[in-house]
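First up is the structure itself, then whatever we jot down about it.
In each ligand, atom 1 is the first atom listed, and ligand 1 is the first ligand listed.
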Amino acid sequence: MHIRFIVMVLAALIAAASTPALAQTAPDHAPWQVKAREVYARIIGFRTAAAEHQTAAMAGWLGDVLKAGGVPPEDIATLQAGGATAMIVRIPGSTPARPILFSAHMDVVDARPADWQRDPFTLIEEGGYFFGRGTTDNKAGVAALVSTILRFKAEHLRPARGLVFAFVGDEETGMQTTAAIAAHPWVRDAEFAINTDAGGGVLDDATGKPLIYLVQGAEKTFATFDLTVTNPGGHSSRPRADNAIYQLARALDRIAAYRFPVMSNELTRAYLGAMGRAQPGPLGEVLRRFAADPADAAAADTLATSPEFVGTTRTTCVATMLEAGHAENALPQKATAAINCRIFPGVAVDSVREALVRVIGDPGVHVAVRGSPQESPVSEMRPDVMAAITRAVHADHPGVAVVPYLESGGTDGKVYRRAGIPTFATSGLFSKPSEMFAHGLNERLPVTSFYQGLDHIYRLAVVLGSAGRSD
Ligand SMILES: [Zn+2]
């Protein structure tokens, strides 16, 4: 799940009150629900962290389950990239309409069993929750894809459009299997993708009432710039006029004082407007004002002081690491700092580097981008996709506002978007801000959310898959 940012916002907005755990769902489940739970339990047991190399074993097991459920072997393909294994499964369509991709990732951030209260690689149902590494990020999504495929086969459903289901092997690390999937002949013509790895509903911490449902339609670009100052140095008893540490400090001061230009697009205005409507008080009013008119400088200035919302209104860059000098009695020969930037969609990484150089205004400070940041375009919200998501969400949570948002964290949706496949992240999972434990200790998912997530993906596959178009 990658709605931690929003969730933190809401956590700050909603007076948190401790409430009893959600009531457990009725024990009499449909056979497909029982099967999905079995799959979920088994796949939590694969320690698919990068260093453990268990994605191949997990893909192999899932492939067997799907073949047993009626998927012909020729509709399953495995891919290897960057030391990880991925799998794609297709359900051919009855028309030549372009296929739809559904994506989830099999890998997890590792968990140290000694640090957990329960074994992270055993699915444990307790007090209305499923506990285990990957219960939210993203093995509930994997289970939802598997469950959807098995239901289509069991119910002999033939979609008008081809459906392709991707089981990514390295979303948490290199995303190289995602790139391989995006280039695969079954996938590369996909009209759009539904990513289960982000998006979802937010429940009021105190009452458990659904507040808002968020669909991820874009991601900021993650880029780190290394600032380096070098100096001949010397003995610290003989200070020179120039000093690498002071020179770097002045550059950092200028970056601290600089604000990148205010930016907005249809998606961020929709998101900020909805967040403004969801909350009372002065912040809500400022959000609504900015959404109505992003040129409102006073509103933009107020949001610039809000850690929760600044990232949705502009590119941000902030110093995160610092290193300098080599001895207490020597003048520094080198001083370096890392500046981490979250770049607004549509802004080139190199233009941010140029802005930093200009703001620093000192040719003695070298600015270099680290690695190769991945820029990705905004996926324009499609009325058919938003309508299908809204319908699926309202089946369980009638009337809740369904709104797009710009991701400040990251998922492999950006890899699909870069490959030209518009991507919308929607998990169908609702949780409380206080229940977010993805990547952390004691990761958990409300049991009701798990079953609702299965239905969410199935409903989207039925509705979107039936709407075949031959363009
Ligand atoms: Zn994830």
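Between the Zn ion (ligand 1) and the N, O or S atoms of Asp137, the shortest distance is to OD1.
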Q) Yes or no on salt bridge (charged side-chain N to carboxylate O under 4.0 Å, His left out) for Asp226 and Arg370, after CA distance, side-chain angles and deciding distance? A) CA-CA 7 Å; Asp226 290 303; Arg370 193 182 290 187; 2.6 Å; yes
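Side chains of Lys432 and Val202 form no contact here, defined as non-hydrogen atoms less than 4.5 Å apart. For the pair Val71/Ile149, a side-chain contact is recorded, criterion being any heavy-atom separation below 4.5 Å from C-beta on.
The Zn ion (ligand 1) does not have Glu172 among its coordinating residues (no N/O/S atom, backbone or side chain, under 2.8 Å). Among the backbone and side-chain atoms of Glu171, no N/O/S atom is found under 2.8 Å from the Zn ion (ligand 1).
At the Zn ion (ligand 1), the angle from NE2 in His105 to OD1 in Asp197 is 90° when rounded to 10°.
For the atom pair CZ (Arg391) and CD1 (Ile389), the distance works out to 13.0 Å, reported to the nearest 0.5 Å.
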